[in-house]
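Proteins get letters first, then strands, A, B, ... in listed order; numbering begins at 1 in each.
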Number of protein chains: 4
Amino acid sequence: MRHKEGNKEKAIIEAAIETFAEDGFYKSKIVDIAEKANVAIGSIYVYYKNKDDILLKIFDQIWEPIYNDMKRIASDKSYTPTQKFEFMLDSVFDAFEKYPEKAVVFVNEQNRLMKERPKSFTNYYELFIKEGEKIIKSGIRSSEFKNLNVRIFRRFVLGGLRELLREWTKNPTKRSLNQIRDSVKYFCKTGILDK
Amino acid sequence: MRHKEGNKEKAIIEAAIETFAEDGFYKSKIVDIAEKANVAIGSIYVYYKNKDDILLKIFDQIWEPIYNDMKRIASDKSYTPTQKFEFMLDSVFDAFEKYPEKAVVFVNEQNRLMKERPKSFTNYYELFIKEGEKIIKSGIRSSEFKNLNVRIFRRFVLGGLRELLREWTKNPTKRSLNQIRDSVKYFCKTGILDK
Amino acid sequence: MRHKEGNKEKAIIEAAIETFAEDGFYKSKIVDIAEKANVAIGSIYVYYKNKDDILLKIFDQIWEPIYNDMKRIASDKSYTPTQKFEFMLDSVFDAFEKYPEKAVVFVNEQNRLMKERPKSFTNYYELFIKEGEKIIKSGIRSSEFKNLNVRIFRRFVLGGLRELLREWTKNPTKRSLNQIRDSVKYFCKTGILDK
Amino acid sequence: MRHKEGNKEKAIIEAAIETFAEDGFYKSKIVDIAEKANVAIGSIYVYYKNKDDILLKIFDQIWEPIYNDMKRIASDKSYTPTQKFEFMLDSVFDAFEKYPEKAVVFVNEQNRLMKERPKSFTNYYELFIKEGEKIIKSGIRSSEFKNLNVRIFRRFVLGGLRELLREWTKNPTKRSLNQIRDSVKYFCKTGILDK
DNA sequence: GATGAATGAGTGTTCATTCAT
DNA sequence: GATGAATGAACACTCATTCAT
């Protein structure tokens with residue numbers, strides 16, 4: 001191994017996150033990512049199959065920790081469905097607060113890529129979705145939630161969330177994110193709770 | 001652009017809608033649009049400044065009629081804010097039902113373009129948003145609605161709507177759209193109404 | 001049509017012949033061909049699908065006239081098989097004498113391309129081969145030729161011819177080509193004639 | 001390179017022969033050769049200067065044993081020129097029958113390399129050619145052969161041979177090679193013998 | 001000797017846009 | 001207005017070779 005100065009794989013993906021967040025996927029140039037990562041162009045292709053592959057790996061980085069949170073929450077029997085639902089939102093908000101740039105990449109690129117390469121997404125995002133739907137269903141079964149169409153509901157909420165986060169990423173302050181978080185929770189609960 | 005047209009301008013934009021809907025903006029080629037419109041490449045540049053400009057004009061086609069509906073509804077004093085809110089949703093749903101392909105273009109491309117060219121959008125979409133916010137505010141003022149953060153609420157709803165419509169455009173049937181429409185209305189109302 | 005100054009398609013293929021002859025196919029750069037042809041890079045792709053396609057078209061230019069000669073000769077009933085065989089060799093020698101650079105491209109690139117893209121060659125070269133085999137067979141039938149294995153014989157002769165022409169292209173003089181022509185004819189005839 | 005080897009140098013050249021035979025020189029990747037040889041990329045450059053150098057060494061492996069055969073035959077005074085000529089062809093055919101893949105590399109790559117790097121070939125191939133010409137000349141001197149132009153004749157024969165072997169390597173059976181061998185001998189002898 | 005991560009010059013091809021006709 | 005051949009900057013990706021370990 002030549003040089004071995006720090007972790008190139010990590011440097012590349014971080015440069016890519018920055019670049020994709022700034023310019024969007026299509027306008028981002030491989031050569032810019034390489035420069036930002038302080039790495040030769042060829043090195044990018046040592047660690048990633050191609051430009052798309054970098055994006056896919058970024059999505060994994062976004063959704064894997066969220067999904068792991070979810071698994072823990074979902075399997076904890078001491079929580080009510082409402083609490084689980086709130087924690088689910090929290091884990092998304094927390095992740096985005098921690099890495100706003102990853103958030104930007106997600107909100108801007110994921111839909112397009114899911115459309116163009118539906119096969120690629122057999123992973124953490126899908127698992128996250130599934131886990132979320134399970135929580136809603138359990139709440140409906142226990143009559144804690146209204147009898148909503150689960151697929152429609154979760155899409156609506158995720159879509160709304162993404163839109164809010166997209167806007168937030170333009171000017172990401174902790175304060176404004178908390179305001180969004182509270183509003184969404186409140187709105188969802190009064191919308192979903194069968195009181 | 002309404003009457004006796006079998007003209008090039010219309011043929012181009014319709015071909016573009018089809019092409020953007022199918023392949024996405026970046027993967028769509030001007031030459032394909034020209035072929036689909038049965039028009040020479042050069043003719044596209046007679047009617048449109050460039051590729052972006054076509055997209056912008058498509059957005060106008062989407063939002064102008066919706067906005068016109070809105071204006072009519074908003075100024076009608078015989079409706080309550082709740083009725084106006086429902087009509088607003090209806091006018092979006094109706095537009096999407098009528099032109100699913102325009103809907104695809106909107107859901108996939110608008111955000112990116114608004115990010116890349118924020119200046120371009122001084123138009124019907126913005127006006128629609130404003131009108132929508134006014135309705136919410138009037139509902140809050142009359143205590144018919146909860147005292148929600150209007151900007152957050154409208155973003156959330158529009159984002160959720162877009163996500164649902166994006167999914168719907170993959171398999172657009174009248175029946176499924178009505179199901180979505182009812183779910184969204186119900187959810188928004190129980191979420192928003194201060195009963 | 002912009003510029004229409006002379007025939008770009010022809011200029012490109014001639015530049016390509018020169019370039020391929022000089023550097024070989026793999027070492028030839030599209031940009032060099034473009035420069036030599038006094039044409040923009042993009043123009044090459046207006047007239048040819050890709051680099052391979054240019055090569056294929058060159059082979060057509062080589063073999064089409066030879067094949068047309070052959071057809072005329074083969075169908076002429078006043079010639080004996082021996083005369084036809086001689087004329088066949090002549091038409092190859094004449095073509096090579098006329099366009100030595102095309103000859104270089106043929107001798108250096110055709111085998112490789114036939115190996116890599118066997119599908120592409122359903123054309124003049126194959127037809128030429130077939131016509132040549134027919135002449136040999138008719139000579140065998142009339143007992144003018146020895147009962148040789150036709151496929152082996154024609155491959156041997158063509159291979160020998162190519163090798164000689166390859167060498168000749170390094171220093172192409174009319175005199176030396178005629179010497180080769182006479183030697184080959186003499187050798188083939190004493191080798192093939194059943195006296 | 002003969003004895004107790006299971007060594008890297010040999011493994012590399014054998015992998016290269018396979019790879020060049022399959023994909024051609026330009027399309028063969030060093031990394032593929034390394035993998036096939038079960039050797040690190042870097043090791044290839046320990047034993048060979050560069051990619052060209054491997055090819056050159058392969059040619060040596062092809063022509064050295066043939067040349068050694070030739071030397072033995074040529075210096076044996078008990079053979080007539082005709083016998084020597086036949087033995088010469090046999091030694092080429094035998095070599096190709098034994099290592100068809102080396103044959104493929106020779107027929108496909110040697111000409112190109114001789115063109116690009118004429119300096120590299122001060123070796124066994126040249127020596128083989130020279131020895132062959134000597135045999136022909138001695139036959140002419142003794143009036144056993146016709147008074148052909150030796151250079152032209154030997155090129156013609158070698159070229160024809162290569163073409164036949166090229167075809168044969170696509171489907172190499174012992175039977176078909178013997179058929180080719182007999183045909184070539186017969187043709188050359190009736191073509192060359194001054195009876 | 002052996003390794004394989006790192007390199008970066010090099011290349012075929014694309015495609016939005018132009019402009020002479 | 002209409003055309004479409006012409007353009008050439010731009011770009012993702014390749015791969016022989018190197019060299020620190």
Side-chain angles (χ1 to χ4, degrees), chain A residues 1-5 7-9 12 26-35 37-54, chain B residues 7-9 12 25-35 38-54, chain C residues 1-5 7-9 11-12 25-35 37-54, chain D residues 7-9 12 25-35 38-54:
Chain A
M1 199 181 312
R2 206 157 129 212
H3 282 321
K4 181 58 186 175
E5 44 185 41
N7 189 330
K8 284 192 200 306
E9 188 172 4
I12 291 164
Y26 273 108
K27 300 212 161 168
S28 294
K29 310 299 162 225
I30 289 289
V31 63
D32 293 340
I33 295 172
E35 260 165 35
N38 232 326
V39 151
I41 291 171
S43 300
I44 289 183
Y45 293 88
V46 172
Y47 294 102
Y48 301 93
K49 219 161 57 216
N50 52 36
K51 205 180 161 190
D52 272 20
D53 188 40
I54 307 177
Chain B
N7 69 6
K8 287 188 201 298
E9 189 172 3
I12 291 164
F25 180 78
Y26 272 107
K27 301 212 161 168
S28 294
K29 323 263 173 270
I30 290 287
V31 65
D32 292 341
I33 295 172
E35 260 166 37
N38 235 326
V39 150
I41 292 172
S43 301
I44 289 182
Y45 290 87
V46 172
Y47 294 102
Y48 302 92
K49 213 156 46 84
N50 52 35
K51 203 180 163 190
D52 273 18
D53 189 39
I54 307 175
Chain C
M1 199 181 312
R2 206 159 130 211
H3 283 318
K4 181 61 186 174
E5 44 185 41
N7 189 330
K8 283 192 201 302
E9 187 172 3
I12 291 164
F25 181 78
Y26 274 108
K27 300 212 162 167
S28 294
K29 310 300 162 222
I30 289 289
V31 64
D32 292 341
I33 296 172
E35 259 164 36
N38 232 327
V39 150
I41 292 171
S43 300
I44 289 183
Y45 293 88
V46 173
Y47 294 102
Y48 301 92
K49 221 163 57 227
N50 51 36
K51 204 179 162 191
D52 271 21
D53 189 40
I54 307 177
Chain D
N7 69 4
K8 287 188 201 301
E9 189 171 3
I12 290 165
F25 180 78
Y26 272 107
K27 301 212 161 167
S28 295
K29 322 264 173 272
I30 290 289
V31 64
D32 292 341
I33 295 172
E35 260 165 37
N38 235 326
V39 150
I41 293 171
S43 300
I44 290 182
Y45 290 87
V46 172
Y47 293 102
Y48 301 93
K49 213 156 48 90
N50 52 35
K51 204 179 161 188
D52 273 18
D53 188 40
I54 307 176

Participant: Taking only residues two or more places apart in sequence or in another chain, which ones pass side-chain contact (heavy atoms from CB on, under 4.5 Å) with C:V46?
Facilitator: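 Counting only residues at least two positions away or on another chain, C:V46 forms no side-chain contact (heavy atoms from CB on, under 4.5 Å).
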Participant: What integer distance in Å separates A:E35:CD from F:dC11:P?
Facilitator: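 Going from CD in A:E35 over to P in F:dC11 covers 12 Å.
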Participant: Heavy-atom nearest nucleotide on DNA chain E for C:Y45 versus B:V31: which residue maps closer to 5'?
Facilitator: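 That would be C:Y45.
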Participant: Tell me, what's DNA chain F's dot-bracket, Watson-Crick or G-U with both distances under 3.5 Å, | for other-strand, [ ] crossing?
Facilitator: .||||||||||||||||||||
Participant: Expressed as a whole number of angstroms, how long is the span from C:N7:CG to F:dA5:P?
Facilitator: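 Going from CG in C:N7 over to P in F:dA5 covers 13 Å.
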Participant: Please identify each residue that fulfils side-chain hydrogen bond (donor to acceptor under 3.5 Å, both in side chains) with B:D32, with sequence neighbours left out.
Facilitator: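 For B:D32, no residue satisfies side-chain hydrogen bond (donor to acceptor under 3.5 Å, both in side chains) once neighbours in sequence are set aside.
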Participant: Could you list the residues that satisfy ring-ring contact (aromatic ring centres under 6.0 Å, His included) with B:F25, not counting sequence neighbours?
Facilitator: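 Checked B:F25 against ring-ring contact (aromatic ring centres under 6.0 Å, His included); matches are B:F20.
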Participant: Considering residues at least two apart in sequence or located in another chain, which fulfil the side-chain hydrogen bond (donor to acceptor under 3.5 Å, both in side chains) criterion with C:N50?
Facilitator: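 If we apply the side-chain hydrogen bond (donor to acceptor under 3.5 Å, both in side chains) test to C:N50, skipping adjacent residues, there are no hits.
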Participant: Which atoms form the tightest heavy-atom contact between A:I30 and A:I44, and what is the distance?
Facilitator: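 Result for this residue pair: O-CD1, 3.7 Å.
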Participant: C:D52: which residues meet the side-chain hydrogen bond (donor to acceptor under 3.5 Å, both in side chains) condition with it, sequence neighbours left out?
Facilitator: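 Checked C:D52 against side-chain hydrogen bond (donor to acceptor under 3.5 Å, both in side chains); matches are C:R117.
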Participant: Using the test side-chain contact (heavy atoms from CB on, under 4.5 Å), find all partners of D:E35 that sit at least two apart in sequence or belong to another chain.
Facilitator: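 With sequence neighbours excluded, D:E35 shows a side-chain contact (heavy atoms from CB on, under 4.5 Å) to D:V31, given in chain and number order.
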Participant: For nucleotides 8-10 of chain F, tabulate all protein N/O to nucleotide N/O atom pairs closer than 3.5 Å, reporting atom names and distance.
Facilitator:
unit_1: F:dG8; atom_1: N7; unit_2: C:G42; atom_2: N; d: 2.9

Participant: Round to a whole Å and report the spacing from CD1 of B:I33 to P of E:dC15.
Facilitator: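 Computing the B:I33:CD1 to E:dC15:P distance gives 12 Å.
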Participant: Which residue lies toward the 5' end of DNA chain F, D:Y26 or C:Y47, if each is placed at its nearest nucleotide?
Facilitator: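 So the residue in question is C:Y47.
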Participant: In whole angstroms, how far is the C1' atom of E:dG4 from the CD1 atom of D:I12?
Facilitator: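 For the pair D:I12 CD1 and E:dG4 C1', the rounded distance is 14 Å.
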Participant: For A:I30, report the nucleic acid contact type (base, sugar-phosphate, nothing); a contact means any heavy atom under 4.0 Å.
Facilitator: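 Sugar-phosphate contact only - A:I30 comes under 4.0 Å of backbone atoms but never of a base.
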Participant: Taking CG from B:D53 and C1' from E:dT17, how many angstroms apart are they, rounded to a whole number?
Facilitator: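 In whole Å, E:dT17 C1' and B:D53 CG are 14 Å from each other.
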Participant: Looking at residues at least two apart in the chain, or sitting in another chain, which of them share a side-chain hydrogen bond (donor to acceptor under 3.5 Å, both in side chains) with D:K27?
Facilitator: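 D:K27 satisfies side-chain hydrogen bond (donor to acceptor under 3.5 Å, both in side chains) with C:E116 only.
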